[in-house]
Amino acid sequence: MMDGATPKQQVVNGFPKSTACINIYYIIYNNRKMVMKLNCRVVYACSQFSTSAVAIAPALLPHKQMPWASSSSSSSSCIIQDKDLLCRSLHPSGTGLHVLDLLDRGSLEPHPTLYHLLLKKCTRLRKLKLGKIVHAHFLDSIFRHDLVILNTILNLYGKCGCLDDARKLFDEMPLKDMVTWTTLITAYSQRDRPFHALLLFPHMLSLGFFPNQFTLSSLLKASAAFTNTPHIHSHGTQLHAFCFKCGFQSNVYVGSSLLDMYARCGCMDEAHLVFDALHTKNDVSWNALIAGYARKGQADHALWLFWKMLRQEFQPSHFTFSSIFGACASTGCLEQGKWVHAHVIKSGGEIVAFMGNTLLHMYAKSGSIEDAKRIFDRLVQRDVVSWNSMLTAYAQHGLGKEAVQWFQEMLRTGVVPNDITFLCLLTACSRAGLLDQGQYFFKLMRDYNIEPQISHYVTMVDLLGRAGHLHEAKRFIGEMPIKPTAAVWGALLGACRMHKNMELGTYAAERVFELDPHDSGPLVLLSNIYASAGRWSDAAKVRKMMKESGVKKEPACSWVEIENTLHVFVANDDAHPQIEEIRKMWEEISVRIKQIGYVPDTSHVLFYMDQQEREVKLQYHSEKLALAFALLNAPPGSTIRIKKNIRVCGDCHSAIKFVSQVMRREIIVRDTNRFHHFYDGSCSCGDYW
DNA sequence: GTAGGGTTAG
């Protein structure tokens with residue numbers, strides 16, 4: 001250490017005396033002539049390095065005011081004692097170029113650590129441009145063959161997404177080690193090129209490099225990207241065998257990647273086995289398992305694991321909460337989601353971006369649009385996803401005008417819309433019958449350089465079709481610049497069902513069947529079209545065709561959550577232990593609603609039978625069973641929330657309106673398309689859905 | 001020097 005205590009205090013007079021200040025001071029103190037020469041440069045460099053250096057910058061007044069200015073020295077080089085400190089003080093907004101400048105001028109002694117620290121900083125702050133300059137500078141230095149530094153540069157390119165630069169550097173490196181291979185594999189794995197990552201593995205092995213836990217974690221992540229490809233899935237199982245053979249499968253990093261790989265392929269039993277076999281578990285292993293169940297829509301299991309995780313004193317993170325809220329959103333478990341939300345508040349956690357968006361989404365998906373808005377208002381950061389989630393909430397509630405206003409507010413705030421924004425907006429317009437505005441927004445997409453995807457075309461066909469413009473919708477399909485998919489024709493078919501157009505409906509159904517012969521949806525719709533028009537023999541033909549081709553219709557189900565338990569009902573099902581009470585309840589309700597004007601609409605029964613039989617069939621649609629059950633078991637006066645896996649049928653829709661009036665209950669039904677808020681004899685959809 | 005987990009549509 002030098003004897004510079006006295007001038008140090010004078011320089012930093014009135015400013016915080018941090019180590020960074022002292023460090024910069026050493027540069028000046030060691031070479032008094034350099035102060036003359038480099039004064040401005042050093043002050044500028046200081047201002048780039050740290051906030052405390054910025055603080056001392058004004059104190060570096062003209063040299064004559066400094067205590068050492070009158071002295072002279074012949075020293076020609078500046079030696080920084082603590083280079084590490086200098087680099088660590090590099091400010092995020094700084095260019096760092098002055099460190100290189102000081103190196104060029106011989107004011108700093110070159111050292112691999114200096115390059116290393118600069119590159120690490122560039123990687124962490126994703127400062128690619130500066131990183132490239134440091135790379136060029138490094139290649140001119142005597143350390144240009146240093147493998148550790150070259151691996152660090154490779155990692156910088158990978159983390160910044162410059163995969164071509166990374167590959168070029170990798171190919172040009174005369175000497176590689178296992179970290180070099182791992183770094184490139186990781187770059188490909190993290191940057192959406194899983195196949196490239198997997199391809200490197202056999203090559204690496206053939207050259208005699210043996211993978212470590214880092215390599216295997218990245219390879220497993222890459223193999224997890226292929227969830228729907230059986231051939232690739234076998235890569236995952238082969239890697240599992242490899243990990244097992246090398247004794248890595250119980251390692252917490254490798255094991256977490258392994259269980260995540262199985263979870264993403266939908267193999268939850270295998271994922272759970274890997275989890276149980278882990279020697280030590282951490283929050284990532286718990287989160288990977290919870291997220292797996294959440295993705296599969298098994299909210300009950302995800303929640304069970306969440307509470308178990310807490311009991312075992314693992315700290316849930318925003319990753320955990322995001323998965324839990326997502327699971328509650330998809331299954332409509334609002335009550336349990338609220339418990340977890342309460343836990344976040346109680347533990348003092350902030351509602352940060354990612355987690356906040358899933359929480360917002362959960363409230364929106366569960367029909368609590370006011371709660372969703374409250375969360376939106378409290379978000380610490382709002383991004384395009386936050387705005388889109390609210391837009392979706394308006395769309396699903398049929399609040400088209402509110403969605404349009406929200407979009408305008410979004411633009412005013414300066415948030416740039418993306419493809420999903422427009423999808424939500426078009427959906428909102430479609431469900432609210434806002435034909436002109438929907439067409440306007442579709443054209444507006446081009447102003448934002450967003451190329452309409454197939455989903456946008458599907459929504460446009462839906463918009464035109466619902467509004468009754470069936471032939472215009474067909475023309476629109478014919479003029480599409482991309483090949484229409486089954487979903488596009490399916491949207492037209494749905495509209496034909498709504499407007500009872502058999503001719504066009506049959507045509508659309510044929511197109512859907514050509515493109516997707518395994519989907520039961522179009523055939524069910526076609527059968528419905530015939531049945532509702534009384535053409536029973538045609539309806540029967542379609543049913544026979546379905547049977548012969550092995551196409552199976554997904555059974556209609558409804559769910560209702562009572563006291564944290566989800567109850568499932570299937571049409572005409574008698575599996576529920578309370579089924580007798582439920583039927584009796586519905587019969588009583590049925591009498592009461594008929595007294596105030598309910599008339600069963602038997603066109604929704606798809607089989608040929610007499611009027612009385614058809615009424616009986618209608619009585620036991622799954623949503624009616626769920627409603628009767630909820631009326632028996634839910635707290636008096638509470639809102640009843642029912643979820644359905646297909647669209648609510650017209651007769652049930654009418655019946656539930658009357659029930660809301662007779663029983664004085666708010667009833668919310670969420671079907672695959674939207675929410676229906678029934679209150680006092682009417683529905684929020686205005687009978688347009 | 002290199003690793004694993006979370007969001008919005010349909």
Side-chain angles (χ1 to χ4, degrees), chain A residues 112 115-116 119-120 123 146-156 158-159 177-187 189-190 197 211-222 224 248 251-261 263-264 278 282-292 294-295 316-327 329 352-362 364-365 372 383-393 395-396 418-428 430 453-456 458-459 462 485 487 490-491 672-674:
Chain A
Y115 288 111
H116 180 227
L119 288 162
K120 289 275 280 182
T123 308
D146 186 308
L147 185 57
V148 172
I149 305 289
L150 286 168
N151 284 343
T152 311
I153 297 169
L154 185 63
N155 188 42
L156 164 81
K159 290 288 182 291
D177 65 1
M178 186 261 293
V179 175
T180 319
W181 284 87
T182 302
T183 306
L184 189 62
I185 287 173
T186 303
S189 163
Q190 289 179 337
N212 64 4
Q213 52 174 344
F214 291 76
T215 331
L216 290 169
S217 299
S218 291
L219 285 167
L220 284 162
K221 181 182 163 75
F248 275 119
N251 171 281
V252 71
Y253 279 93
V254 177
S256 302
S257 312
L258 198 50
L259 83 85
D260 183 57
M261 185 272 294
R264 284 177 194 277
L278 287 176
N282 64 10
D283 58 328
V284 177
S285 16
W286 281 95
N287 291 343
L289 193 63
I290 290 172
R295 271 192 299 266
S317 64
H318 50 284
F319 282 90
T320 330
F321 292 123
S322 296
S323 293
I324 292 291
F325 293 140
V352 290
F354 241 96
M355 185 184 82
N357 288 341
T358 48
L359 184 62
L360 194 165
H361 176 60
M362 180 189 80
K365 272 277 202 183
D383 58 12
V384 68
V385 176
S386 327
W387 285 87
N388 288 355
S389 299
M390 277 307 297
L391 212 46
T392 309
Q396 286 189 326
N418 63 13
D419 55 337
I420 294 176
T421 313
F422 281 99
L423 195 56
C424 300
L425 193 57
L426 293 174
T427 308
S430 168
Q453 303 295 305
I454 200 74
S455 48
H456 296 98
V458 172
T459 314
D462 192 56
T485 58
T672 42
N673 257 6
R674 57 164 295 149

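FYI, side chains are in, hydrogens and waters are out, and symmetry mates aren't considered; it's all heavy atoms of this structure. Below, chains carry the letters A, B, ... as their sequence lines are ordered, and counting in each starts from 1.
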[X] [atom1] - [N] [atom2] separation (whole Å):
X: W387(A); N: dT7(B); atom1: CH2; atom2: C1'; value: 17 Å
X: L360(A); N: dG6(B); atom1: CG; atom2: C1'; value: 15 Å
X: I324(A); N: dT7(B); atom1: CD1; atom2: P; value: 12 Å
X: L259(A); N: dG5(B); atom1: CG; atom2: P; value: 10 Å
X: F354(A); N: dG6(B); atom1: CZ; atom2: P; value: 9 Å
X: Q453(A); N: dT8(B); atom1: CD; atom2: P; value: 18 Å
X: H456(A); N: dA9(B); atom1: NE2; atom2: C1'; value: 8 Å
X: M355(A); N: dT8(B); atom1: CE; atom2: C1'; value: 16 Å

Counting distance only, does the side-chain N/O of [X] pair as donor-acceptor with the main-chain N or O of [Y] below 3.5 Å?
X: S189(A); Y: S218(A); value: yes
X: D462(A); Y: V458(A); value: no
X: S322(A); Y: H318(A); value: yes

State whether the distance check finds a donor on one side and an acceptor on the other, under 3.5 Å, for side chain [X] versus base [N].
X: D283(A); N: dG5(B); result: yes
X: S256(A); N: dG4(B); result: yes
X: N282(A); N: dG4(B); result: yes

side-chain N/O [X] vs [N] OP1/OP2, d < 4.0 Å:
X: T427(A); N: dG10(B); result: yes
X: N357(A); N: dT8(B); result: no
X: Q190(A); N: dG4(B); result: yes
X: K221(A); N: dG5(B); result: yes
X: R295(A); N: dG6(B); result: yes
X: R264(A); N: dG6(B); result: yes

Report the nucleotide, chosen from [options], that has the shortest atom-to-atom distance to any side-chain atom of [X].
X: Q213(A); options: dG4(B), dA9(B), dA3(B); result: dA3(B)
X: T182(A); options: dT2(B), dG5(B), dA9(B); result: dT2(B)
X: K365(A); options: dT7(B), dA9(B), dT2(B); result: dA9(B)
X: H361(A); options: dT8(B), dA3(B), dG6(B); result: dT8(B)
X: F319(A); options: dA3(B), dG5(B), dT8(B); result: dG5(B)
X: H318(A); options: dA9(B), dG5(B), dG6(B); result: dG6(B)
X: N212(A); options: dT2(B), dT7(B), dT8(B); result: dT2(B)

Residues at least two apart in sequence or cross-chain that pass ring pair (Phe, Tyr, Trp, His ring centres under 6.0 Å) with Y115(A), listed by chain then number, are H137(A), F138(A)
Over all strands shown, is [X] touching base, sugar-phosphate only, or nothing at heavy-atom distances under 4.0 angstrom?
X: D419(A); result: nothing
X: S317(A); result: base
X: V254(A); result: nothing
X: Q396(A); result: sugar-phosphate

Sorted by chain and number, sequence neighbours left out, side chain to side chain contact (heavy atoms under 4.5 Å, CB included) with T180(A) holds for L147(A), N151(A), L154(A), F170(A), M173(A), K176(A), D177(A)
- In sequence, state the C-alpha distance, the side-chain angles, and the governing distance for L278(A) and N251(A), and then conclude on side chain to side chain contact (heavy atoms under 4.5 Å, CB included). CA-CA 7 Å; L278(A) 287 176; N251(A) 171 281; over 6 Å; no
| message | Is the shortest side-chain heavy-atom distance between K221(A) and M261(A) below 4.5 Å? | response | no
